[in-house]
2 protein chains.
Amino acid sequence: MASETDRPLKSPPTMADVAELAGVSTMTVSRALKKGGPISEKTRRKIMNAVDELGYVLDQTAGTLSSKRSGFVVALVPSINSSNFADTARGITEAIENTGLQLLLGYTDYLIEKEERLVESMLTRRPEGIIVTGGRHADRTRRLLSAAGIPVIETWDIPDNPIEHVVGFSNAAATNALVHHLYGLGYRNIGFVGGTSNRDTRGADRRLGYAQAIEQLGLPRGRVISFGKPPISMEQGGEAIAHLMSQWPDVDAAVCVSDLSAFGALMECHRRGWAVPGRIAIAGFGDFEVARCSFPRITTISVDAFEIGRAAGDLLLNAIEASREGRRIPPELMLMPFKVIQREST
Amino acid sequence: MASETDRPLKSPPTMADVAELAGVSTMTVSRALKKGGPISEKTRRKIMNAVDELGYVLDQTAGTLSSKRSGFVVALVPSINSSNFADTARGITEAIENTGLQLLLGYTDYLIEKEERLVESMLTRRPEGIIVTGGRHADRTRRLLSAAGIPVIETWDIPDNPIEHVVGFSNAAATNALVHHLYGLGYRNIGFVGGTSNRDTRGADRRLGYAQAIEQLGLPRGRVISFGKPPISMEQGGEAIAHLMSQWPDVDAAVCVSDLSAFGALMECHRRGWAVPGRIAIAGFGDFEVARCSFPRITTISVDAFEIGRAAGDLLLNAIEASREGRRIPPELMLMPFKVIQREST
DNA sequence: CTGTTAGCGCATTCAT
DNA sequence: ATGAATGCGCTAACAG
């Protein structure tokens, strides 16, 4: 057996090599390699032996060119370190598993300019469909996506003017519901903790929903702390809650833009000896594992990130299948449910 | 302007279309599209106009075939929901940013059989290099990787018999160091909390390091709780610590296989009124954000997951560049540092 | 600086 | 059930 250090630098074997070794044509090899091909069991076996002997691996690159099917699907998420979008990515992965499709994943870093560059570079691979996060995009991104002629799905949001399909929910409505929930519990001086810039449009929508609810309920306005650039971290959640309390000592509840910041805020409260929810109630967004496990457990909005990915993946599969048959399915708007999860922190 | 609903179903424009519109040959278009190509500014401008007008996007699939460079790099990680490996993925992403290389990411789910399938399907895209997690693989995985003739990097571990390059550290040595650290603090009845199966070889190595240290220090053995299949969750960490305490009430410190389980254990202690570190000390592994922010903050082993990715990415870039020039760089073994971070939980 | 020729490795289409 | 011819869209190599 060859030592593993003298690994080949030459190009790998081709289908023609396999065909020659098996004594058949390349076409027969091609058919033998895809399941369900019309091949006699005998020749298939011969071919498989040749494949093993040569260590042959199909070159999809070439296949793509001639079949005009790349087998790629792309998904763009803001970040992969937020378990939120990681779950969505997992949902997509699971949906396309065993379909022969490959996921090309990209991180936009919450920047629509980066999204634009990513879309362009991804289209270069001729994906058969694409899933993006959010409903705000650069103009050119929209143009590129429309011109690509492939199914497009926007997620995690309800865009005013969707590109094509949508799988999401209203971040504003969800946060609004959370504030009303806190109101129902008796809280009257409700603050908001979020990131600074408007990079994170979902964060901005949540703030909007908060402001609307405050307005509707006639509660004191302006108790908003903006801290750090999104995604706001645990650490920053801790700093933000300290600011909030020192600026408006009468605040009795804090709505945080995500469970991460809510958790950071909660731990800071522990540290400072502020009872939660006695002195101040804390609520988050996202129903992350950390919110379920912390002490006290954190009241939050649950949105099934995994399910968003799964649903988007399934929808994309349908659209791709239609597209392969020359059809096109009508634009779909899938509203995903959210709900307030009441826990010990409020 | 065409409405966005009547999106084209026809195939996108080709380089030939651009060439015709610009009145040049396809070769000139090709050169204009890669920066640094020998092109007069005038023709380049003409071509770019044609590109814009047609909404042309380069088809890398075809380029790959003729240039024999896919521009792909693959990375296989156990899971993307562990912030650990997400950080490594981010490090790789950052390392290859602006190199024209594209990351193909796959999740093995901690299963070497799934890794095997992934390797095979990824090789189908003719990646120029591959980064895998850990040092244990299926035999066929090793064979496929060796036969692929591309640079291979194993990470997060120090394999006994590396395939080629390694960027990692010894999980056993790190955990061993942590136990010695706890010993130094005066703890004598040290337990271990980890997952059940041996799917997670890094987890198994950590347990091994724990056992070795216990042996070396002459401490009471066997205080090990195995709970849930890896990656062990926060929730399971909580359950595990309860088991540990009920089974060996004399335990005064718990080493957890990861910060996630350590955090879950910590919160369970809060819940049950066990003072940390007064009644029991808790230590984790990985230096996750949650360990830095929790109350009390958790003693842990810090390994720079991001840096592992970054270093592996850089190394891979070197190897790929060499490979493109027909050279091969000698197998490298990069030992990444780890250190015990003493915090309030011990 | 630009064009011509050739071919990458496979799947489609049409034969047989 | 198998084979032959053809071309996918691009870039390498060479020519001018």
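Sequence lines set the chain letters: A, B, ... in the order given, protein chains first and strands last, and positions in each chain run from 1. The structure presented is a predicted model; accordingly, all values stated were derived computationally and were not measured.
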Residue met sooner reading DNA chain C from 5', once S67(A) and P38(B) are mapped to nucleotides
P38(B)
Separation of [N] [atom2] from [X] [atom1] (nearest whole Å):
X: I39(B); N: dT11(D); atom1: CD1; atom2: P; value: 12 Å
X: R125(A); N: dC10(D); atom1: CZ; atom2: P; value: 13 Å
X: L123(B); N: dG9(C); atom1: CG; atom2: P; value: 16 Å
X: D59(B); N: dG9(D); atom1: CG; atom2: P; value: 7 Å
X: K68(B); N: dT11(D); atom1: NZ; atom2: P; value: 15 Å
X: K34(A); N: dT12(C); atom1: NZ; atom2: C1'; value: 11 Å
X: L33(B); N: dT11(D); atom1: CG; atom2: P; value: 8 Å

Are any of S30(A)'s side-chain N or O atoms less than 4.0 Å away from OP1 or OP2 of dA11(C)?
yes
Please evaluate the base of dG9(C) for a donor-acceptor partner in the side chain of R126(B) within a cut-off of under 3.5 Å?
no
Heavy-atom donor-acceptor pair, S70(A) side chain to R126(A) backbone, under 3.5 Å
yes
Going by an N to O cut-off under 4.0 Å, is there a salt bridge joining R117(A) and E113(A)?
no
Need one value for T43(A): base, sugar-phosphate or nothing, where a base atom within 4.0 Å counts as base even if backbone is also close, heavy atoms only.
sugar-phosphate
Touch check for M15(A), heavy atoms < 4.0 angstrom, all strands: base, sugar-phosphate only, or nothing?
sugar-phosphate
Tell me if the aromatic rings of F306(A) and F85(A) count as close, with their centers under 6.0 Å from one another.
no
Spacing of CG belonging to L111(A) relative to CD belonging to E115(A), to within rounding of 0.5 Å
10.0 Å
When you measure from the side chain of L65(A), which nucleotide among dG3(D), dT2(D), dG9(D) comes out closest?
dG9(D)
From the candidates dA11(C), dT13(C), dG3(C), the one with an atom nearest any side-chain atom of R31(A) is dT13(C)
